[in-house]
Protein chains: 2
Amino acid sequence: MTSKKLKAADHPTPVSRRQHKADAKAAAHSPTKPRPLTRIQKEKQDIILEAALEVFSVHGFRGATIDQIAEVAGMSKPNLLYYFPKKEEIHRRLIAALLDTWLAPLREMDENGDPFSEIRSYIRRKLEMARDFPRESRLFANEMLQGAPRISEMIEVDLKGLVDEKARLLMGWMDEGKIARTDPYHLIFSIWATTQHYADFDVQVRAVLGPGRNGEGRFEDAARTLEQLYLHGLTPRNR
Amino acid sequence: MTSKKLKAADHPTPVSRRQHKADAKAAAHSPTKPRPLTRIQKEKQDIILEAALEVFSVHGFRGATIDQIAEVAGMSKPNLLYYFPKKEEIHRRLIAALLDTWLAPLREMDENGDPFSEIRSYIRRKLEMARDFPRESRLFANEMLQGAPRISEMIEVDLKGLVDEKARLLMGWMDEGKIARTDPYHLIFSIWATTQHYADFDVQVRAVLGPGRNGEGRFEDAARTLEQLYLHGLTPRNR
DNA sequence: AGAAATTTTGACCAGTTGGAAAAATGTTAG
DNA sequence: CTAACATTTTTCCAACTGGTCAAAATTTCT
């Protein structure tokens, strides 16, 4: 999943160049090459980001160390710092890339589809993401727990905007009597919560379910339970 | 190391005394006072634990520093270490105290009550805990995200035991046709997830709801939404 | 009050952390 | 082959980390 060809970069332009504060004004309008990024550099960056995801998602930003990330990435710390001069930068990159894919399932909720199957599909997709990208989920959770200091802007704009839009969509369905009337925002929260739970609280889920019920069927059981929940709640069918 | 001569220190009973491994056997049957804990000591410990909760809940174990905790507690680092010689010990105390109160709501679910009102009460109580003790919730979440390295035993025994018991209770209600049939474990997970979400992802919830809908009514809206969800799901009433 | 115990402080330490500098080692185009 | 650039390694550092210790300040007990 890391292989990308991309167009051939004409010139290297490392990533480190200490242009930290020296060229603050120079960068403002200098027409110099905006660092094209060679294929090799992209690869290494991907390796680093992959390792960083592994570490950040478990320990959070403060708790993770560059040494740890470097070790997981299989390179020396200074070498890693050559590609990402700042710890923060690695984290920012991860979060930015994450948020985009993270919201994709919600974006796909289609106003022209059948309400129930749209919602069911959304839950499915979110559940699949929790299963297939648990580290991303935990990275996100970690950031939230800390008060989202590094991404407050993103969630206040991109995320809020998308949720507002989909909340309107849900409201429309409610107005048409196609789904029960509830607060669409809290409905979305509940979907987020129930699905991401399986990634973020994985240890707990495993521990409680015990060794017997922990195979691949775990997610199927979860999907069924959530489907029943969102479809009928706990009301028995025969009443 | 840790040479302990001490002049006339027969039984000062501070809290620090490095009795880590030195008096393993001595403590076994020595009739000396088993650290009575003066009122003042208890007070200071509480201040420290309160401060530690504040810091640990945001940054996790690794990300939190003793200096930070000491500052929040309003005392010097060595002074803090006089009461809790180890960082880990503070954390362990917090977690131990937490887990007990955290599971209380589930314990209260009564098999003799009406299924629906029992479940509704449980959700209410959990939601109230998320509202009134968000730091505890985040501390717990942080520990889970990290794989629960420090409390695996507790969740594998106490927590699993309790959930097993309540799952049986729920199954009983299902057998009697009083509530719809679903996987009781995943049902409990969903309740945990939806309620704790409001503590753990507080920033996100606030950001999405915007300034208008963020007052005290927030939790009321959540409660109503969850009640609707667990009672009827999204099925419209008129069908 | 005065002795004894408890609590607090300041100085200090060894190990870790994020990061800088520069030298050493590739790699590649001419 | 070699200049010019890209990458990696070595060395180093100042700030921070969890923690120690003895002395000083304070409280407690008689």
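To find a chain, count down the sequence lines: A is the first, B the second, and so on, and within it residues start at 1.
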Euclidean distance, atom [atom1] of residue [X] to atom [atom2] of [N] [Å, nearest integer]:
X: B/Glu89; N: D/dG18; atom1: CD; atom2: P; answer: 16 Å
X: B/Tyr82; N: D/dC21; atom1: OH; atom2: C1'; answer: 14 Å
X: B/Leu81; N: C/dT9; atom1: CG; atom2: C1'; answer: 13 Å
X: A/Glu43; N: C/dT27; atom1: CD; atom2: C1'; answer: 15 Å
X: A/Glu88; N: C/dT17; atom1: CD; atom2: P; answer: 18 Å
X: B/Gln45; N: C/dT8; atom1: CD; atom2: C1'; answer: 16 Å
X: A/Gln41; N: D/dC5; atom1: CD; atom2: P; answer: 15 Å
X: A/Phe84; N: C/dG18; atom1: CZ; atom2: C1'; answer: 16 Å

Are OP1 or OP2 of C/dT7 and a side-chain N or O of B/Lys44 less than 4.0 angstrom apart?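 For B/Lys44, the contact criterion (side-chain N or O under 4.0 Å from OP1 or OP2 of C/dT7) is not met.
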
Within the structure, does a side-chain N or O atom of A/Tyr83 lie under 4.0 Å from either OP1 or OP2 of D/dT8? yes

Show me, pair by pair, the donor-acceptor contacts under 3.5 angstrom made by side chains of residues 201-209 of chain B, not counting sequence neighbours?
unit_1: B/Asp202; atom_1: OD1; unit_2: B/Arg206; atom_2: NE; d: 3.4
unit_1: B/Asp202; atom_1: OD1; unit_2: B/Arg218; atom_2: NH1; d: 3.4
unit_1: B/Asp202; atom_1: OD1; unit_2: B/Arg218; atom_2: NH2; d: 3.3
unit_1: B/Asp202; atom_1: OD2; unit_2: B/Arg206; atom_2: NE; d: 2.7

For B/Ser137, the side chain to side chain donor-acceptor pair (under 3.5 Å) test, sequence neighbours excluded, returns B/Asp200

Review point. What residues form a ring-ring contact (aromatic ring centres under 6.0 Å, His included) with B/His59, not counting sequence neighbours?
Key: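 By the ring-ring contact (aromatic ring centres under 6.0 Å, His included) rule, B/His59 matches no residue at all.
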
- prompt: Which residues satisfy the ring-ring contact (aromatic ring centres under 6.0 Å, His included) test with A/Tyr122, sequence neighbours excluded?
  reply: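 Applying ring-ring contact (aromatic ring centres under 6.0 Å, His included) to A/Tyr122 gives none.
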
Enumerate, atom names and distances included, each donor-acceptor pair closer than 3.5 Å involving a side-chain atom of residues 123-133 of chain B, sequence neighbours excluded.
unit_1: B/Arg124; atom_1: NH1; unit_2: B/Glu220; atom_2: OE2; d: 3.2
unit_1: B/Arg125; atom_1: NH1; unit_2: B/Glu108; atom_2: OE1; d: 3.4
unit_1: B/Lys126; atom_1: NZ; unit_2: B/Gln196; atom_2: OE1; d: 3.2

Report all interatomic pairs (protein N or O, nucleotide N or O of nucleotides 10-17 of chain D) with separations under 3.5 Å.
unit_1: D/dT17; atom_1: OP1; unit_2: A/Arg62; atom_2: NH2; d: 3.3

Fit a plane to each ring of A/Tyr198 and B/His186, take the angle between them on a 0 to 90° scale, and name the class: parallel (under 30°), tilted (30 to 60°) or perpendicular (over 60°).
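Geometry flag for B/His186 against A/Tyr198: tilted rings.
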
